[in-house]
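Below, read A as the first sequence line, B as the second, and so on, with proteins coming before strands; counting in each chain starts at 1.
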There are 2 protein chains.
Amino acid sequence: MNRPDSTHADRIFQALGDATRRRLIDLLGSGPRSVSELAGPLDVTVTAVMQHLRVLEDCGLVATEKIGRVRACRLRPEGLDVLDAWIRARRSTWEHRLAALSDILREP
Amino acid sequence: MNRPDSTHADRIFQALGDATRRRLIDLLGSGPRSVSELAGPLDVTVTAVMQHLRVLEDCGLVATEKIGRVRACRLRPEGLDVLDAWIRARRSTWEHRLAALSDILREP
DNA sequence: TTGATACTGAAGTCAAAACTTCAGCAAGGA
DNA sequence: TCCTTGCTGAAGTTTTGACTTCAGTATCAA
């Protein structure tokens, strides 16, 4: 079924769930690129890159700007904040629960 | 195309890319559950839950153990470490690059 | 022993989404 | 002006993977 994703974190996980998009992200990691500069190494058509960029832009991981006839694409580091918050929230909850459990087990 | 995922982080993103699996993770956040206790709230068959558990177990986010005829499922907090490392690595790289860029722009 | 419960495995269905082709259009250069 | 480059949009194809059904198997309890 896979209900519609709602939260920001949901959309980011959904976006990063695709291997091509993660590779795109890593390409942009070494600096801004145009759409066709991304299509080459990714070995897909420029149209496919456009579609991936749309997804990544929608969830805040990438920003693009059209200058003349080329579209400049770059990463948005703040985009990772939501992901980081997701991890922190879970980690602290899970670890607290485990700690509480082991306290109980230590009872006489 | 979407080539086979190779790294551990890749498999985790792939796993968390699915909304049902994220909900499953959140259910386990409040304590261990059996397969059928998960299937109820998720509103899918036990078979579907089994398949999701397989994925989550393979990437180290969940551990399960069969006791008698019920399979006990629990989270593995360490599973998040890989994800956290992925974020940190990118964040620091991206931010350094941006810092370097703004240094250049500040040049006379 | 019998029946109910809890999962497992194989096999198939189906919809979402990744990707393509193709026909534009606008910008830049010769 | 004319050609090339770089992107865009619509539409269709193909693949992936989430989900189901159904037929087991093992465990537990009466």
Worksheet item: How does each nucleotide of nucleotides 23-30 of chain C score, in 5' to 3' order, for protein heavy atoms under 4.0 Å: base (B), sugar-phosphate only (S), or none (-)?
Response: ----BS--
Discussion item. What residues from residues 24-33 of chain B pass a heavy-atom cutoff of under 4.0 Å to DNA chain C?
Written reply: none
Fill in: Partners passing salt bridge (charged side-chain N to carboxylate O under 4.0 Å, His left out) against A:Arg90 (at least two apart in sequence or in another chain)
B:Asp26
Worksheet item: Just how far, in rounded Å, is P of D:dC19 from CG of B:Leu38?
Response: 13 Å
Discussion item. Could you tell me how far apart A:Arg23 (CZ) and C:dC19 (C1') are, to the nearest whole angstrom?
Written reply: 14 Å
Worksheet, complete the sentence: By side chain to side chain donor-acceptor pair (under 3.5 Å), B:Thr45 pairs with (sequence neighbours left out) none
Worksheet item: Listed by chain and number, what are the side-chain contact (heavy atoms from CB on, under 4.5 Å) partners of A:Val55, not counting sequence neighbours?
Response: A:Ala15, A:Arg21
Practice prompt. Name all residues meeting the side-chain contact (heavy atoms from CB on, under 4.5 Å) criterion together with B:Arg54; count only those two or more places apart in sequence or in a different chain, and write none if there are none.
Written response: B:Asp58
Item to complete: Could you tell me which residues satisfy side chain to side chain donor-acceptor pair (under 3.5 Å) with A:Arg91, sequence neighbours excluded, listed by chain and number?
Response: B:Asp81, B:Asp84
Worksheet entry | Side-chain N,O (B:Lys66) to OP1/OP2 (C:dT8) below 4.0 Å | yes
Discussion item. Expressed as a whole number of angstroms, how long is the span from A:Phe13:CZ to C:dA17:P?
Written reply: 17 Å
Discussion item. Between A:Glu37 (side chain only) and A:Ser34 (backbone N and O only), is there a donor and an acceptor less than 3.5 Å apart?
Written reply: yes
Worksheet entry | Student check: side-chain heavy atoms of A:Leu61 and A:Leu80 closer than 4.5 Å | yes
Taking only nitrogen or oxygen atoms into account, show me every contact under 3.5 Å that the protein makes with nucleotides 9-13 of chain D, one pair per line with its distance.
{"unit_1": "D:dG9", "atom_1": "O6", "unit_2": "A:Thr47", "atom_2": "OG1", "d": "3.2"}

Item to complete: Rounded off to whole Å, could you give me the CZ-to-P distance for the B:Arg71 and C:dC7 pair?
Response: 9 Å
Practice prompt. Considering just the side-chain nitrogens and oxygens of A:Thr45, establish if one lies under 4.0 Å of OP1 or OP2 belonging to C:dT20.
Written response: yes
Worksheet item: Got A:Ile12 and A:Thr7 here, is their nearest side-chain heavy-atom distance under 4.5 Å?
Response: no
Discussion item. Under the rule for salt bridge (charged side-chain N to carboxylate O under 4.0 Å, His left out), what residues qualify as partners of B:Arg71, not counting sequence neighbours?
Written reply: none
Worksheet item: Can you tell which of C:dC7, D:dC7, C:dT8 lies closest to the side chain of B:Ser36?
Response: C:dC7
Worksheet item: For A:Leu42 and C:dC19, what is the distance between atoms CG and P respectively, to the nearest whole Å?
Response: 9 Å
Worksheet entry | Nearest-nucleotide pick for A:His52, side chain only, options being D:dC7, C:dA18, C:dA6 | C:dA18
Worksheet item: For B:Ala63, what residues pass the side-chain contact (heavy atoms from CB on, under 4.5 Å) criterion, not counting sequence neighbours?
Response: B:Arg74, B:Arg76
Discussion item. Using 0.5 Å steps for rounding, measure from the CG atom of B:Leu38 to the CG atom of B:Leu24.
Written reply: 5.0 Å
Discussion item. How many whole angstroms separate atom CG of A:Asp58 from atom P of C:dA17?
Written reply: 13 Å
Worksheet item: Quick one: do B:Leu27 and A:Phe13 end up in the same hydrophobic cluster if we chain Ile, Leu, Val, Met, Phe, Trp and Tyr together by side-chain heavy atoms under 4.5 Å apart?
Response: yes
Worksheet entry | Set of residues satisfying side-chain contact (heavy atoms from CB on, under 4.5 Å) with respect to A:Val62, sequence neighbours excluded | A:Ile25, A:Leu28, A:Leu53, A:Leu56, A:Thr64, A:Leu75
Worksheet item: Want to settle it: does A:Val46 or B:Val55 sit nearer the 5' end of DNA chain D, counting the closest nucleotide to each?
Response: A:Val46
Worksheet item: Once you build an axis from the first five pairs and another from the last five of the helix from C:dT1-D:dA30 to C:dA30-D:dT1, how far apart in angle are they, to 10 degrees?
Response: 20°
Practice prompt. Using atom CZ of A:Arg21 as one end and atom C1' of C:dA18 as the other, report the distance to the nearest whole Å.
Written response: 8 Å
Worksheet item: What pair of heavy atoms forms the shortest contact from B:Ala9 to B:Trp86, and how long is it?
Response: CB-CD1, 3.7 Å
Discussion item. What is the distance, to the nearest angstrom, from the CG atom on B:Leu53 to the P atom on C:dG9?
Written reply: 13 Å
